[in-house]
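Only heavy atoms go into these numbers, but all of them, side chains included; no hydrogens, no water, no symmetry mates. Because the structure is predicted, anything quoted here is derived from the model rather than measured.
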Amino acid sequence: MLRSSLLFLFAISTLAQAQLNPAITSWVINPGGETGYNGIPSNVLEVVYSADFVYVGCTGIPGYSIGPWSNNPNDAGDQDWEFKITLDPVQNTGAPVNTPLGHIGVWTNGVTIFNPRDAMSYQMQNIWHQNAFYFEGAGFDACLGHPNQQMEYHTHINPTCLYDDADSLQHSPIIGFAFDGFPVYGAYGYANTDGTGGIVRMRSSYQERAITDRTTLPDGTVLNANQYGPAIGGQYPMGAYVEDHEFIQGSGDLDEHNGRFCVTPEYPNGIYAYFVTIDADLEPVYPYVLGPAYYGTVLPGNTGPGSGHNSIDEAGTVYDPFTDVEERTAALDLRAYPNP
């Protein structure tokens, strides 16, 4: 009879935790005292949630080893982030919000996500934007990240050390959240958006353009001669610039934001979700994480220069994955009776 009661309590407590939003429960939380690069506290240090938001406190340093960074004079440091993420993300039905330079989301271990671009363009005309994977990839570490001049360690592409990106037999876990609040999954999902059809690798719908010179943009804009990009080949092969790619509806599994609305293990009723994109050899595929624009609306405070240091200005609850089950179970005022 005691065993039956304990099983009942476990089932209810598990249900209680399951009712928490995955944006609260998906983080890699430091259990206390663990450090990473240069002795800096690693992973996520604290998660605080309210009815509407989750606040993620982290240093930007992961729990796995990072560095060295070839031909990169920058170093990684403690960023003292406090990211604020909505628990009720919604589609943006207005003007598209482009993903800016700098962080556009955060991985579940507190490392930041950048878009495909570095800060440079051909002849600095802000037209042909350099693909960071091509121009900076040689300086990425084994985990495919690197620091910038602000000592912010980040990745532009699939964070290979965060999850098993070779496991094509299971749906990938949530590995991050974009700053519009929608989850970012690894490379594998259900074949069909309703959760059926087995597991497949998610395919980007961006393709390299069928062009022989860089005289037009993906939207068809014909450029003036002084705006042309470099000749294709040699030092500047196709793919070296983000404008070398175009979105072709239906050519892959994902939309122009590099996501789709679908059933996932954490969202059995469906959610809009981004997926990182890689090929069969685990090589990154453009646009890598998010497309050029967010799917949802973006809160202020997380993007732009000096961002990522939000204040917790409302009452909240600290999420503790090590004790939260017991605390929430007690709050339910359960009464368990022996089975006859």
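The two residues Glu82 and Asn310 have their closest heavy-atom pair at O-ND2, 2.9 Å. Taking all atoms of both residues into account, the shortest heavy-atom contact from Phe53 to Leu299 is CE2-CD1, 3.8 Å. Of all non-hydrogen atoms in Pro147 and Ala76, the two that sit nearest each other are CB-N, 3.9 Å. For the residue pair Pro116 and Val242, the shortest heavy atom distance occurs at CB-CG1, 4.2 Å. In terms of heavy atoms, Ile271 sits closest to Pro183 at CG1-CD, 4.0 Å.
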Inset, instruction - Would you sort out whether Asn74 and Gln149 count as a side-chain hydrogen bond (donor to acceptor under 3.5 Å, both in side chains), showing the intermediate values? - result: CA-CA 6 Å; Asn74 304 317; Gln149 292 179 326; 5.1 Å; no
Legend entry - Derivation and outcome, side-chain contact (heavy atoms from CB on, under 4.5 Å), residues Met120 and Phe135: CA-CA 10 Å; Met120 308 293 286; Phe135 282 93; over 6 Å; no
Legend entry - Verdict with reasoning, Phe133 to Phe140, per side-chain contact (heavy atoms from CB on, under 4.5 Å): CA-CA 9 Å; Phe133 179 48; Phe140 293 170; 4.1 Å; yes
Inset, instruction - Go through Asp180 and Tyr274 one step at a time and tell me if the side-chain contact (heavy atoms from CB on, under 4.5 Å) criterion holds. - result: CA-CA 11 Å; Asp180 59 4; Tyr274 302 100; 2.5 Å; yes
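Side chain of Thr86 to main chain of Gly181: no donor-acceptor pair is present (N/O by atom type, distance under 3.5 Å, no hydrogens or angles). Judged purely by atom type and a 3.5 angstrom limit, Asp141 has no side-chain atom pairing as donor or acceptor with the backbone of Pro68. Using modelled atom types, no side-chain atom of Asn38 and backbone atom of Ile40 make a donor-acceptor pair closer than 3.5 Å. At least one donor-acceptor pair under 3.5 Å links the side chain of Ser172 to the backbone N or O of Ala187. Of the possible donor and acceptor atoms, one in the side chain of Glu243 sits under 3.5 Å from a partner among the backbone N and O of His129. Remark: the backbone N or O of Asp313 is not paired with any side-chain donor or acceptor of Ser311 at under 3.5 angstrom. In this structure a side-chain-to-backbone donor-acceptor pair under 3.5 Å is present from Ser26 to Pro22. Formation of a donor-acceptor pair under 3.5 Å by the Thr155 side chain with backbone atoms of Gly145 is not found in this model. Counting only distance, with no hydrogens or angles, the side chain of Arg201 and the backbone of Ile278 share a donor-acceptor pair below 3.5 Å. Using modelled atom types, no side-chain atom of Glu136 and backbone atom of Asn72 make a donor-acceptor pair closer than 3.5 Å.
When only modelled atom types and interatomic distance are considered, Asn98 and Tyr294 share no side-chain donor-acceptor pair under 3.5 Å. Asp219 and Thr221 share a donor-acceptor pair across their side chains, judged by distance under 3.5 Å alone. A donor-acceptor contact closer than 3.5 angstrom is absent between the side chains of Ser42 and Glu34. Between the side chains of Asn92 and Thr297, not a single donor N or O lies within less than 3.5 Å of an accepting N or O. Side-chain contact check for Thr215 and Asp213: at least one donor-acceptor pair (N or O, by modelled atom type) lies under 3.5 Å. A side-chain donor from one of Asp165 and Asn158 sits under 3.5 Å from a side-chain acceptor of the other. At a cut-off of 3.5 Å, with distance as the only test, a side-chain donor of Thr112 or Glu152 sits close to an acceptor on the other residue.
Using a 4.5 Å cut-off on side-chain heavy atoms (C-beta onward), Pro292 and Tyr206 make contact. By the 4.5 Å heavy-atom criterion applied to side chains, His309 and Phe83 are not counted as neighbours. Taking the side chain as every heavy atom from C-beta outward, Asn302 and Ser307 never approach each other to under 4.5 Å.
Note: Ile66 CD1 to Cys161 SG = 10.0 Å, rounded to the nearest 0.5 Å. Note: Asp244 CG to Asn131 CG = 8.5 Å, rounded to the nearest 0.5 Å. With rounding to the nearest 0.5 angstrom, the CZ atom of Arg260 is 10.5 Å from the CG atom of Asp255. Between atom CZ of residue Phe275 and atom CG of residue Leu254 there is a gap of 7.0 Å, rounded to the nearest 0.5 Å. Expressed to the nearest 0.5 Å, how far OH of Tyr188 lies from CG of Leu169 amounts to 9.0 Å. Remark: Ile104 CD1 to Leu290 CG distance equals 4.5 Å, nearest 0.5 Å.
A salt bridge does not link Asp279 to Arg203: none of the charged side-chain nitrogens sits closer than 4.0 Å to a carboxylate oxygen.
Just one residue in the list Tyr286, Trp128, Tyr134, Tyr288 forms a ring pair (Phe, Tyr, Trp, His ring centres under 6.0 Å) with His245, and that residue is Tyr286. Exactly one residue among Tyr153, Trp69, Tyr37 makes a side-chain hydrogen bond (donor to acceptor under 3.5 Å, both in side chains) with Asp75. That residue is Tyr37. Here the rule is side-chain hydrogen bond (donor to acceptor under 3.5 Å, both in side chains) with His154, and of Gln79, His146, His103 only His146 fits it.
Tracing side-chain contacts under 4.5 Å through hydrophobic residues (I, L, V, M, F, W, Y), one reaches Tyr64 starting from Ile157; they form part of the same cluster. Residue Phe179 is grouped with residue Val47 when hydrophobic side chains (ILVMFWY) are merged at heavy-atom distances under 4.5 angstrom, including chains of intermediate members. In the hydrophobic clustering of this structure, Tyr228 groups with Tyr236; members are Ile, Leu, Val, Met, Phe, Trp, Tyr whose side-chain heavy atoms approach within less than 4.5 Å, directly or through other members. No continuous path of hydrophobic side-chain contacts links Leu101 to Tyr122 [ILVMFWY only; heavy atoms under 4.5 Å]. Criterion: ILVMFWY side-chain heavy atoms under 4.5 Å apart, direct or through other members. Under it, Val200 and Val276 are part of a common hydrophobic cluster.
Residue Asp194 qualifies as enclosed at atom CG: its count of foreign heavy atoms under 6.0 Å is above 12.
By the 30° and 60° cut-offs, the orientation of the rings of Phe177 relative to Trp27 is tilted.
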